[in-house]
Protein chains: 2
Amino acid sequence: MRNKEETFNKILETAYILFADKGFDKTSLSMIATEVGISKPAIYYYFTSKDELIAYLFEEICKDIERGNIFDYSDISRTNFQHKLLEIGYQSIDEQETDVHFNKIFNQYMLLASRDEKYMTRLQDIQAGYLKSYHDLFNYAVEIGAISDTNIETKAHMLAMVIDNIGNFMLTGCRLDYKGIWKEAVESVWREQSR
Amino acid sequence: MRNKEETFNKILETAYILFADKGFDKTSLSMIATEVGISKPAIYYYFTSKDELIAYLFEEICKDIERGNIFDYSDISRTNFQHKLLEIGYQSIDEQETDVHFNKIFNQYMLLASRDEKYMTRLQDIQAGYLKSYHDLFNYAVEIGAISDTNIETKAHMLAMVIDNIGNFMLTGCRLDYKGIWKEAVESVWREQSR
DNA sequence: GTCTATATTTTGATAGAC
DNA sequence: GTCTATCAAAATATAGAC
């Protein structure tokens, strides 16, 4: 009926949504199959097991995150760095508001990781890369004279923690002034110690 | 063999650890029963279902959190407020480092909440109370003249987000200078805008 | 590639004796 | 209160036809 690649992708998309909404364990292969419009055994033509499907989806998500960790330095200057940093956060907030499934499914992989070495090591890579992307950005900002060089790594990690946790707070539908919080965090980097 | 209350508590303690380590779905009542030293049906004398056990544990954890949300204002003064705020964070970091199970199990309830209204409303209560405890503390600090009154709520929420996310980063064993990050966040509140 | 039919296992939950 | 025995449901996975 459909071609191979089309069905393959449909399985992935459906699994992504169902896993996020209902969780890995409460999502059976029958449910995925029905939603895709195939029978349960047909899934085994594409994936050798449910675990393999979960693992494949994980790697796809990891690659997505890694792509998002690459900041564009080309249009960053000494005068517009603060503005660009604000934009990066605002964009991340908008994205997290748009894709409600991402944080739900990612949290499940975090829990899986605490029981499975394979997921843990990959997740540590992702997390280190995420933190490094902010640290590198700040180092560049120091180089071009956009910020002073005191406590650069700590400041970068603080900002990374703020933006990362916004997604978790969104999970409960908590209506906060997230962009205001981000603005406060960003501007604090440019403030001078007064006592 | 044991008395009623003793067995009841043993079930709760065992469930807490197993649920955290293996997850709700991968922890069967048989496993809990074996670990406690009773048979599976004996659990049904104390809880009418597995779901009830999970729900009971949730309420216990919620009460624990709410107790932790009450800050002691008695020894806070204009001069030692920054120091006290640092202490609050350091203590929270130490606690999260000690109880490795808490964040794992709490994350699972976050996911449960997105599929179950009952958990969601309770979790929203907890989250609102958590944020309010920081906001109230800051309002008190303004009253006694320990900080200026600009952007009080946003600053309080920013600090709450930082300390809250430290627990999530610990889940992957990420070794960061958490206390340094907290110190940076706290001190930023006292800095003046320079441009 | 996709189907029907089925094997296997595990789990939550109940019945009823002691 | 706790046990043994058992049920019923659901899930992963496979066999084999088309």
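Computed over heavy atoms, backbone and side chain alike; hydrogens, waters and symmetry mates excluded. Within every chain, numbering begins at 1; the chains are lettered A, B, ... in the order of the sequence lines, protein sequences first and strands thereafter.
- What separates CG of B:Asp25 from C1' of D:dA11 is a distance of 12 Å, to the nearest Å.
- Atom NZ in B:Lys26 sits about 15 Å away from atom C1' in C:dG12, given to the nearest Å.
- Here B:Glu59 pairs with B:Arg122 under the salt bridge (charged side-chain N to carboxylate O under 4.0 Å, His left out) rule; sequence neighbours left out.
- Nucleic acid contact for B:Ser39: base, since at least one base atom lies under 4.0 Å from a heavy atom of the residue.
- Between B:Arg115 and A:Asp21, none of the side-chain N atoms (NZ, or NE/NH1/NH2) sits under 4.0 Å from a carboxylate O, so this pair counts as no salt bridge.
- For A:Thr7 and C:dG1, the shortest distance from a side-chain N or O to OP1 or OP2 is not below 4.0 Å.
- If you take CD1 of B:Ile32 and P of C:dT11, they are 11 Å apart, rounded to a whole angstrom.
- Ionic pairing of B:Lys10 and B:Glu6 is not present here: no N-O contact between side-chain nitrogen and carboxylate oxygen is shorter than 4.0 angstrom.
- Taking the six-membered ring for Trp and thresholds of 30 and 60 degrees, A:Tyr140 and A:Tyr73 have ring planes more than 60 degrees apart, a perpendicular arrangement.
- Under the 3.5 Å distance criterion, with hydrogens and angles disregarded, no donor-acceptor pair is assigned to the side chains of A:Thr172 and B:Gln124.
- In this structure, A:Ile38 atom CD1 and C:dT4 atom C1' are separated by 15 Å, rounded to whole Å.
- Set against D:dT2, C:dT2, C:dA13, the side chain of B:Leu29 has C:dA13 as its closest nucleotide.
- Here the side chain of A:Lys4 is nearest to one of D:dC3, C:dT4, C:dG1, namely C:dG1.
- In the region residues 41-58 of chain B, proximity to DNA chain C at under 4.0 angstrom, judged on heavy atoms, holds for B:Pro41, B:Tyr44, B:Ser49, B:Lys50.
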Kindly list each side-chain donor-acceptor pair under 3.5 angstrom involving residues 145-154 of chain A, sequence neighbours excluded, with atom names and distances?
unit_1, atom_1, unit_2, atom_2, d
A:Ser148, OG, A:Thr150, OG1, 3.3
A:Asn151, ND2, B:Glu184, OE1, 3.4

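- Residue B:Phe24 contributes atom CZ, which lies 17 Å from atom C1' of C:dT11 at whole-angstrom precision.
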